2 protein chains.
Amino acid sequence: MIQSSEHLRDTFHATGRRLTSQRRLLLGVLEESDSHLDAETLFVRAKARDPDISLATVYRTLAVLKEMGLVEEHSLGEEHSHYEAMRGEPHYHFVCLGCGKVIEFDAPPMKQIEEDVSEREGVCITDANLRLSGYCAQCQDTMGGQSCHGE
Amino acid sequence: MIQSSEHLRDTFHATGRRLTSQRRLLLGVLEESDSHLDAETLFVRAKARDPDISLATVYRTLAVLKEMGLVEEHSLGEEHSHYEAMRGEPHYHFVCLGCGKVIEFDAPPMKQIEEDVSEREGVCITDANLRLSGYCAQCQDTMGGQSCHGE
DNA sequence: GTCCATGCAAACTGTTTGCACGCGC
DNA sequence: GCGCGTGCAAACAGTTTGCATGGAC
């Protein structure tokens, strides 16, 4: 969901917010980085360009961007949150328990699951979060594959 | 995965661990409770029966039970973790953003998704975590349904 | 008797907040 | 200039850890 600078300003304006240099910087770092950043990493990378930016601003900005739908928050490693800039198509994550690598993928059958659940339970679904975990190809090699499945 | 007391002792023994009264108590509370408990709630309920139990023991025990596969950890409310006793069949969760209610459901198409991903990406999947969020039937009524979907 | 498990309190991590100043508009 | 956004430091919540004692086996 990368936007031109003017459009971006409007987007902020529309909700009574201001487009500050810090917010622009943080959005930039998020969009440049293909991977999923945690707040600390985002802070470090932003600080490299603006040494005065504070961690509190990172958290506050992430909250704002999330509220505006420009950024998504994930609990990938169970521990702390990771954030990524929205790029339109919904997608899900596979996390390698060996090396921490994250693979994104789409899963068309999810539509079906959502429909089933929302019909059967009478709920309305606004968000779907799917996280698979296991071992990536490299890690399986490294470990001799003994970690794959319980059997 | 409810076990008899003797079998339970063996299960602990097999990994060089001991079956203490606290561990038995915590497992009991987890199994009795149909819902998903956070550490604090589990602590309070356990404390009602054994006023001397400490929160640290709750956390240490949960870590052990998780490692033994007797208990599962979920990040349901994004904030802090929830735990539930394993009951065999895998299942997924819907969380109501309005009232926090959790609905469990099964989703057969998940099998297909797992196969697709593991084949396409060459990974081996050991765990699948699916969390849908939205609004339950009651909350939709209460709010006049204006919260359902973006449209 | 050995050694794991516990209780307690202090430490730690990730995140949030109060306040005075600064900057977008 | 008004008011949101910022930096800083302190507060906070959830979780972990060091240490001496207690209990399982």
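Order of the sequence lines fixes the chain letters, A, B, ..., with proteins taken first and strands second; residue numbering starts at 1 for each chain. All of these numbers come straight from a predicted model, not from anything done at the bench. Computation of the quantities below employed the complete heavy-atom set of this structure, encompassing side-chain atoms and omitting hydrogens, waters and symmetry-equivalent molecules.
As a whole-Å value, the separation of B:Glu67 CD from C:dC4 C1' is 14 Å. The distance between atom CZ of A:Arg24 and atom P of C:dC23, rounded to the nearest whole Å, is 15 Å. Rounded to whole angstrom, the span from the NE2 atom of B:His13 across to the C1' atom of C:dC3 amounts to 12 Å. Between A:Asp38 atom CG and C:dT15 atom P there is a gap of 8 Å when expressed in whole angstrom units. Rounded to whole Å, atom C1' of D:dA24 lies 13 Å from atom CZ of B:Phe12. Distance, A:His80 NE2 to C:dC12 P: 18 Å, rounded to whole Å.
For DNA chain D, the residues of residues 39-57 of chain B within the heavy-atom distance limit of 4.0 Å (strictly under) are B:Ala39, B:Leu55, B:Ala56, sorted by number.
Taking 4.0 angstrom as the limit, A:Gln22 places none of its side-chain polar atoms (N or O) nearer than this to OP1 or OP2 of C:dC23. Contact check, A:Thr61 against D:dG5: no side-chain N or O comes under 4.0 Å of OP1 or OP2. A close approach under 4.0 Å does occur between a side-chain nitrogen or oxygen of A:Tyr59 and OP1 or OP2 of C:dT15. At D:dG3, none of the side-chain N or O atoms of A:Arg18 fall inside 4.0 Å of OP1 or OP2 (strictly under the cut-off). Put simply, A:Ser81 has no side-chain N or O that comes within less than 4.0 Å of OP1 or OP2 on C:dG14. Checking the phosphate oxygens (OP1, OP2) of D:dA24, no side-chain nitrogen or oxygen of B:Arg17 falls inside 4.0 Å.
Residues A:His74 and A:Glu84 bring a donor and an acceptor atom of their side chains to less than 3.5 Å of each other.
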Report the C-alpha distance between A:Arg18 and A:Thr20 in whole Å, list the side-chain angles of each, state the deciding distance to 0.1 Å, and finish with yes or no for side-chain hydrogen bond (donor to acceptor under 3.5 Å, both in side chains). CA-CA 6 Å; A:Arg18 291 168 186 178; A:Thr20 64; over 6 Å; no
Is there a side-chain contact (heavy atoms from CB on, under 4.5 Å) between A:Leu132 and A:Tyr92? Walk through the geometry before answering. CA-CA 8 Å; A:Leu132 302 178; A:Tyr92 309 104; over 6 Å; no
Take A:Asp38 and A:His80, measure what side-chain hydrogen bond (donor to acceptor under 3.5 Å, both in side chains) needs, and give me the verdict at the end. CA-CA 7 Å; A:Asp38 55 22; A:His80 56 320; 2.8 Å; yes
Please assess A:Glu72 against A:His36 for the test side-chain hydrogen bond (donor to acceptor under 3.5 Å, both in side chains), listing each intermediate value before the final yes or no. CA-CA 10 Å; A:Glu72 265 193 352; A:His36 309 72; over 6 Å; no
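The base of D:dG18 is paired with the side chain of B:Arg60 by a donor and an acceptor separated by under 3.5 Å.
In summary, A:Glu67 and A:Arg17 engage in a salt bridge, as defined by a charged side-chain N under 4.0 Å from a carboxylate O.
Across D:dC25, D:dG5, D:dC19, the shortest atom-to-atom separation from the side chain of B:Arg9 is found for D:dC25.
Counting only heavy atoms from C-beta outward, the side chains of A:Val64 and A:Phe12 approach each other to under 4.5 Å.
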